[in-house]
Amino acid sequence: MIAGVRVSGWEHNSAVLIAVAAGEQGSGTLQRLHADGTPAGRPETVGDLAAAVAARERADGSRWIWSSTPALYPPLLRRGVRVARCHDLQLTEALLLGYHGRWGEPRALAAIHARRHGLPVPADPAPADPVPPGSGPIQAALFDDLAEPPEEIAVVVEAYADQLARIADVAEAGRFRLLVALESAGALAAAEMGHHGLPWDAAAHDAVLRELLGEPTPGGGPPRRLVELRERITEAFGGARLNPESPADVLRAFSRAGIVLPSTRAHVLRGVDHPAAPLIVEYKELYRLWTSHGWSWRAQWVRDGRFRPEYVAGGVVSGRWATRGGGALQIPKAVRRAVVADPGWTLVVADAGQLEPRVLAAVAGDGRLAAAAATGDLYAALATDAFGGDRAAAKVAMLGAMYGQTGGDAVPALAALQAKYPVAWEYVQAAARTGEGGGLVRSWLGRTCPPAGGGPTSGAQARARGRFTRNFVIQATAAEWALALLAGVRTRLAATSAQLVFFQHDEVVVHAPADEADEVAEAVRAAGEQAGRLLFGDTQVRFPLDVSVVRCYADAK
DNA sequence: AGTTTCATATGG
DNA sequence: CTCGCCATATGAAACT
């Protein structure tokens, strides 16, 4: 039993349970449930599902049980209806199937529906292609897929009862319940963030682009600075034309100049003594900016002062989020200048520092490492404790241990880490051994890694698998901590005008009226404090948040 | 011509 | 005897 169970929160609450199924044209069916998942009364069909949900949300503080948050929630948000809690059957099903090593099997809803109708069990649908805002009715398409016969509410009810029973069967049911609640809360937050969008100042974005790239070309061709650079690169090679974006062209041109290179990577080119080398590095950097986050990107993804990516909660095997289209989780630092709060509003930016080594300290139960993780700078504490004050060496060793590095400059530091923190060392070693031997590992709350691909495994593949499982136990648990932070922030913001607008692995951004900024910053800090207790109970490991209140994302520390 | 893989960048 | 984890996105190169 973990301490989280004692904390009033998600896993044991008195929320009214209501199963919901969407019908056609905004209608739907509701079914009250007892705490054990059995029906309470008869299902009720309503013509206006959004209105019915809003009414019960106000009255009850309900937990909504539905098939898929990304399918059902956005239409409610467009009607201005926000819900506090849900149970997402598809996300939960994926967690449960994974727990039993049964990846790739059909979703519960589809399987139950098929069985009730005597139909063959359908395969999972292929993921949708990225759809920029305004260019396609992706949500309508999802609704079409879900337009089930009227008894679909019975499928929802049956699937929920089935999942409750299976959750109760897992070894650490309390932790797993928390995982399910957090995953579902994350799905709500993802839909809300996609709905609200990230404040995007087109003029500021334009200023960044013009400063770095020069004037845009009217026809949409390469901007002035790129054209100039390309000419100077040609000159530097004595007039021979080449495409600086083509690794083969670049290698050939240097070869003709008597310089043989292993690759055209930036760090290789930086060490080359030739006038073209720095020009190519600059060209490649600017070219990426132009193609990935330039003017045409903005035309495609930014509308009405908001960048609205489609977040995919649980889209990564480790539990981290993915996005479909727009590259929301890879916004270059320079482009963050374009993320600006509305007039009279601010951005509250919170970043969890050194999250993964702190997670290792907590899950491994290594007292000496936990003591280092009780400080504000874990690497500095490590350096004092075991690395003769060399903070850089401490950091390299810690990262190497978590990623499975075995060679290179880090070897002596790794040995020092093993000697001083044997309990933590053994924790990641055990995870690696399990993976190398073909076994599965789990996060702290019970998310299970996917099995290795089929076929015979070479020694190299087994070691790669070991590095994956070694890292999984940490990365997946860090993702759980971040979900707990996100869910806590979301709950605390419900009473304010502020909105969650961005979430990137270990960082959240809240868009808040300026006069609520202090209150929001305090709420974020409180959520951070609670996240650690919720997962790990009474540990001395701290998970400090760096909180900034800024107008512009680029100004956050 | 369309699809897949490679190389290289971005983020954590 | 190579060997550091998880991703997305782009264009070039290779493939069907």
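Convention: sequence-line order gives letters A, B, ...; per-chain numbering from 1.
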Among C/dT8, C/dC3, C/dG11, which nucleotide has an atom closest to any side-chain atom of A/Ala322? C/dT8
Taking the six-membered ring for Trp, are A/Trp301 and A/Trp295 closer than 6.0 Å centroid to centroid? no
Say whether A/Arg467 and A/Gln405, considering side chains only, have a donor N or O and an acceptor N or O under 3.5 Å apart. no
Basic-acidic side-chain contact under 4.0 Å: A/Glu228, A/Arg225: yes
Lys/Arg cation over aromatic A/Trp444: A/Arg175, 6.0 Å, 45° cone: yes
How far, in whole Å, is C/dC1 from B/dA9 if one measures between their P atoms? 30 Å
Length of the line joining A/Arg463:CZ and C/dC5:P, which is rounded to integer Å: 13 Å
Return the value, rounded to whole Å, for the distance between atom CD of A/Gln354 and atom C1' of C/dC5. 18 Å
Please determine whether a side-chain nitrogen of the Lys or Arg among A/Arg210 and A/Asp206 lies less than 4.0 Å from a carboxylate oxygen of the Asp or Glu. yes
Are A/Phe543 and A/Phe536 an aromatic pair, judged by ring center distance below 6.0 Å? yes
When rounded to whole Å, the CZ to P distance for the pair A/Arg465 and C/dG4 reads 18 Å
What's A/Ser318 touching, base or sugar-phosphate or nothing? Going by heavy atoms closer than 4.0 Å. nothing
More than 12 heavy atoms of other residues, nucleotides or ligands under 6.0 Å from NZ of A/Lys284: yes or no? yes
Can you give one letter per nucleotide of nucleotides 6-12 of chain B, 5' to 3': B if a protein heavy atom sits under 4.0 Å from the base, S if only from the sugar-phosphate, - if neither? --SSBBB
Pick from A/Val340, A/Ile331, A/Val335, A/Val349: which one makes a side chain to side chain contact (heavy atoms under 4.5 Å, CB included) with A/Tyr553? A/Val349
Which part of the nucleic acid does A/Phe468 contact within heavy-atom distance under 4.0 Å: base, sugar-phosphate only, or nothing? sugar-phosphate
In residues 221-243 of chain A, which ones come under 4.0 Å of DNA chain B, going by heavy atoms? none
Rounded interatomic separation in angstrom, taking CE from A/Met402 and P from C/dG4: 15 Å
Whole-Å distance separating the OH atom of A/Tyr287 from the C1' atom of C/dT10: 8 Å
Bend angle of the helix from B/dA1-C/dT16 to B/dG12-C/dC5, from helix axes over five pairs at each end, nearest 10°: 10°
If you look at every strand shown and take non-hydrogen atoms under 4.0 Å, does A/Ala410 touch a base, only sugar-phosphate, or nothing? nothing
CG of A/Leu483 to CG of A/Leu534, rounded to nearest 0.5 Å, is 11.0 Å
Atom OH of A/Tyr311 to atom C1' of C/dA7: distance rounded to whole Å? 15 Å
When rounded to whole Å, the CG to P distance for the pair A/Leu417 and C/dG4 reads 17 Å
Electrostatic pair A/Asp385:A/Lys420 at N-O distance under 4.0 angstrom: no
Provide, to the nearest angstrom, the distance between the CD atom belonging to A/Gln300 and the C1' atom belonging to C/dT10. 13 Å
Ignoring hydrogens and geometry beyond distance, is a side-chain donor-acceptor pair present between A/His205 and A/Arg337 at under 3.5 Å? no
A/Tyr311 and its ring pair (Phe, Tyr, Trp, His ring centres under 6.0 Å) partner, picked from A/Tyr73, A/Trp321, A/Phe503: A/Trp321
